[in-house]
Amino acid sequence: MENNIFIWLIPIILLPIFFGMGWLAARIDMRTVLKQAKAIPMRFYKSLDAVIDHKTNVAADTLQSIIDEQHETGQQIESYELALTLGKLFRKRGENDKAIALHQKLLSLADTPEEKLQKIQFELGQDYQSAGLVNRAEKQFEDLLNSPLKQQASEILLNIYQQDRDWEKAIEMVSNFPQDGISQQFDLAQFYCELAQKALIESHLDEAENYAQKALYINKKCTRANIILGDVEFKRGNYAKAIEAYTTIEKQNYAYLTMVGEKIYDAYDAMHKPEQGLDLLIGYMRAFPQLNLTNLIYEKLLLVWDFKKANEITANLIRINPNLEKIYLLTDIAMSEGEPSLKTDADIIKKILANQINKSFMYQCKHCHFKSQVFFWRCPACGKWETFTPNRIEV
Ligand SMILES: [Zn+2]
């Protein structure tokens, strides 16, 4: 019986001990926190405040004074982290020379571990890039391709190569450091298309064909490769083959047919069959009314058929899917057959419509919504490939 009472009493006896241990643990923890807090100079919070208030000059000066002080007292570890932050601040403020000097100084310090040296080198590469010293930036990042920072370095290098239009190096980089699947295949095919385009301009037709075939092998939906293959055959005088390459785009992505409309007509025309070319384009417009082919069709109809027939066919096409741009053409057609006395009014209407069309019909990047009157395979704003709408759209 006595033993049983003792067992019941154990938890009650131990309770104050548990409390004591908890209190002690909390105190030890609090002491650590307080010690760490004391290690952070008050000026650090001041610099943080300045960053939040967008006073980056105050933040940079304050951080610099902390680092100088820590160097004097031999606190290298803390100053390393702060120096990296200061470097980023300098770069953000456009003070690239200061960022470069700071990182170069850090690199020259003795006894810095390899891992830290690589991080400093990565920052220095970004300083050079920001200062427009691309060759020096490339060197820094290329040195890091065998380090733990290789993925980040390869991504930046890939960007640099694309800006430099150095497609061979870009292809090599993608092959050595593959990133995410589908989008990279898109990009890689475009790099080959860039090489093919260059060869085509220089009339190296076999080379252009080879590169375009490589692009197609990587991305069988690459419409640009088919445009180039068509151009190669056109230049060789193989018009039927050119038409075959251009029309394959219908199966790849019909929206890009707008880009080959005139080429298709020219190839048929070169074979003395312009009517067939026109029939094909009219068929495309009926099947895909969003294509920007109406003006081209009207222009070519006037070459092949009489005025009345050209007007009739075009007006019927416009009625399938009218928009402001097509209404402009319809007004033109209607007025061309109307009373001569209405010409002045028609000109006023056309002028107003033309103004509105120029403002509201553009190519647009589907990724960053950048708008332009000119089509780009690579968006100049966000650097993405094949994000531009191949037809001008109402924006
Ligand atoms: Zn974009």
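All of these numbers come straight from a predicted model, not from anything done at the bench. Along the sequence shown, the residues carry numbers beginning at 1.
Phe370 and Phe388 have tilted rings, their planes meeting at an angle from 30° to 60° on a 0 to 90° scale.
Lys326 contributes a side-chain N or O that, together with a main-chain N or O of Asn321, makes up a donor-acceptor pair within less than 3.5 Å. Of the possible donor and acceptor atoms, none in the side chain of Glu209 sits under 3.5 Å from a partner among the backbone N and O of Leu229. Of the possible donor and acceptor atoms, one in the side chain of Ser175 sits under 3.5 Å from a partner among the backbone N and O of Ile171. Of the possible polar contacts, one joining the Lys235 side chain to the Leu200 backbone as a donor-acceptor pair under 3.5 Å is found. Judged by distance alone, the side chain of Gln364 and the main-chain N or O of His369 form a donor-acceptor pair under 3.5 Å. The main-chain N or O of Ala255 is found under 3.5 Å from a side-chain atom of Asn391 such that the two form a donor-acceptor pair. Panel note: side chain Thr223, backbone Ile249; no donor-acceptor pair is recorded below 3.5 Å.
With values rounded to the nearest 0.5 angstrom, Thr258 atom OG1 is found 8.5 Å from Gln290 atom CD. To the nearest 0.5 Å, atom CD1 of residue Ile333 and atom OG1 of residue Thr314 are 4.5 Å apart. For the atom pair Tyr298 OH and Ile318 CD1, the distance stands at 9.0 Å (nearest 0.5 Å). To the nearest 0.5 angstrom, Phe122 atom CZ is 11.0 Å from Lys119 atom NZ. With rounding to the nearest 0.5 Å, the separation of CG in Leu84 from CG in Leu102 is 8.0 Å. The CG atom of Asn253 sits 14.0 Å away from atom NZ of Lys251, with the distance rounded to the nearest 0.5 Å.
For the pair Lys350/Tyr328, a side-chain contact is recorded, criterion being any heavy-atom separation below 4.5 Å from C-beta on. Side-chain contact between Glu138 and Asp164 is present, with at least one heavy-atom pair separated by less than 4.5 Å. Looking at heavy atoms from C-beta onward, His103 lies out of side-chain contact with Phe90 at the 4.5 angstrom threshold. At least one side-chain heavy atom of Glu155 sits less than 4.5 Å from a side-chain heavy atom of Gln151. Tyr246 has its side chain out of reach of Leu280: every pair of non-hydrogen atoms, C-beta onward, lies at least 4.5 Å apart. Counting heavy atoms from C-beta outward, Phe191 and Tyr161 have side chains that stay 4.5 Å or more apart. Side-chain contact between Arg392 and Met362 is absent, with no heavy-atom pair separated by less than 4.5 Å. Within the 4.5 Å cutoff, no side-chain heavy atoms of Ser154 are placed close to those of Asn176.
Between Trp377 and Phe375, the ring centre distance stays below 6.0 Å.
Sorted by first and then second residue, the salt bridge (Lys or Arg N to Asp or Glu O under 4.0 Å) pairs with a member in residues 260-288 read Asp231-Lys263, Glu262-Lys300; sequence neighbours excluded.
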Worked verdict on Asn226 versus Gln252 for side-chain hydrogen bond (donor to acceptor under 3.5 Å, both in side chains): CA-CA 9 Å; Asn226 268 80; Gln252 292 175 309; 3.0 Å; yes
Test log, rule side-chain contact (heavy atoms from CB on, under 4.5 Å), inputs Tyr268 and Leu281: CA-CA 11 Å; Tyr268 274 106; Leu281 297 186; over 6 Å; no
CA sep, side-chain torsions, deciding dist, call: Leu257, Val260, side-chain contact (heavy atoms from CB on, under 4.5 Å): CA-CA 5 Å; Leu257 282 171; Val260 288; 4.2 Å; yes
Trace of the side-chain contact (heavy atoms from CB on, under 4.5 Å) decision for Ile313 with Lys309: CA-CA 6 Å; Ile313 295 172; Lys309 191 168 176 184; 3.9 Å; yes
Derivation of the side-chain contact (heavy atoms from CB on, under 4.5 Å) call for Ile243 and Gln276: CA-CA 11 Å; Ile243 292 168; Gln276 272 192 41; over 6 Å; no
Candidate pair Tyr192 and Trp385, rule ring-ring contact (aromatic ring centres under 6.0 Å, His included), full reasoning: CA-CA 13 Å; Tyr192 278 111; Trp385 289 93; over 10 Å; no
Stepwise side-chain hydrogen bond (donor to acceptor under 3.5 Å, both in side chains) check, Ser130 with Asn96: CA-CA 7 Å; Ser130 183; Asn96 297 311; 3.0 Å; yes
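Across all non-hydrogen atoms, the minimal contact from Met259 to Pro390 is SD-CB, 4.2 Å. Contact between Gly230 and Ala242 at its shortest, heavy atoms only, is O-CB, 3.4 Å. Across all non-hydrogen atoms, the minimal contact from Cys382 to Cys365 is SG-SG, 3.8 Å. Minimum heavy-atom separation, Tyr363 to Val374: CD1-C, 3.5 Å. Minimum interatomic distance between Ala196 and Tyr211 (heavy atoms only, all atoms of both residues): CB-CB, 3.6 Å. Minimum heavy-atom separation, Ala381 to Cys368: CB-SG, 3.8 Å.
Salt-bridge formation is detected for the pair Arg236/Glu233: a Lys NZ or Arg NE/NH1/NH2 atom is positioned less than 4.0 Å from an Asp or Glu carboxylate oxygen. Salt bridge present: Arg224 and Glu194 bring a charged side-chain N and a carboxylate O closer than 4.0 Å. Looking at Lys139 and Asp143, a side-chain N of the basic residue comes within less than 4.0 Å of a carboxylate O on the acidic one, giving a salt bridge. The pair Lys198-Glu202 counts as a salt bridge, with a side-chain nitrogen and a carboxylate oxygen less than 4.0 angstrom apart.
The hydrophobic clustering, which links ILVMFWY residues whose side-chain heavy atoms are closer than 4.5 Å, places Leu291 and Val395 apart. Leu330 and Ile352 are members of different hydrophobic clusters when ILVMFWY side chains are connected at heavy-atom separations under 4.5 Å. Under a hydrophobic-cluster definition in which Ile, Leu, Val, Met, Phe, Trp and Tyr are linked whenever side-chain heavy atoms come within less than 4.5 Å, directly or via other members, Tyr254 and Ile297 are assigned to the same cluster. Tracing side-chain contacts under 4.5 Å through hydrophobic residues (I, L, V, M, F, W, Y), one never reaches Ile156 starting from Tyr128; they form parts of separate clusters. With hydrophobic clusters built from ILVMFWY side chains whose heavy atoms lie under 4.5 angstrom apart, Leu324 does not share a cluster with Leu296.
At most 12 heavy atoms of other shown residues, nucleotides or ligands fall within 6.0 angstrom of atom CG in Asn146. Residue-environment remark: CZ (Arg378) exceeds the threshold of 12 foreign heavy atoms within 6.0 Å.
Annotation: side-chain hydrogen bond (donor to acceptor under 3.5 Å, both in side chains) contacts of Arg93 (sequence neighbours excluded): Thr56, Glu95.
The side chain to side chain contact (heavy atoms under 4.5 Å, CB included) with Met173 is formed by just one residue from the set Leu145, Asn159, Asp166; it is Leu145.
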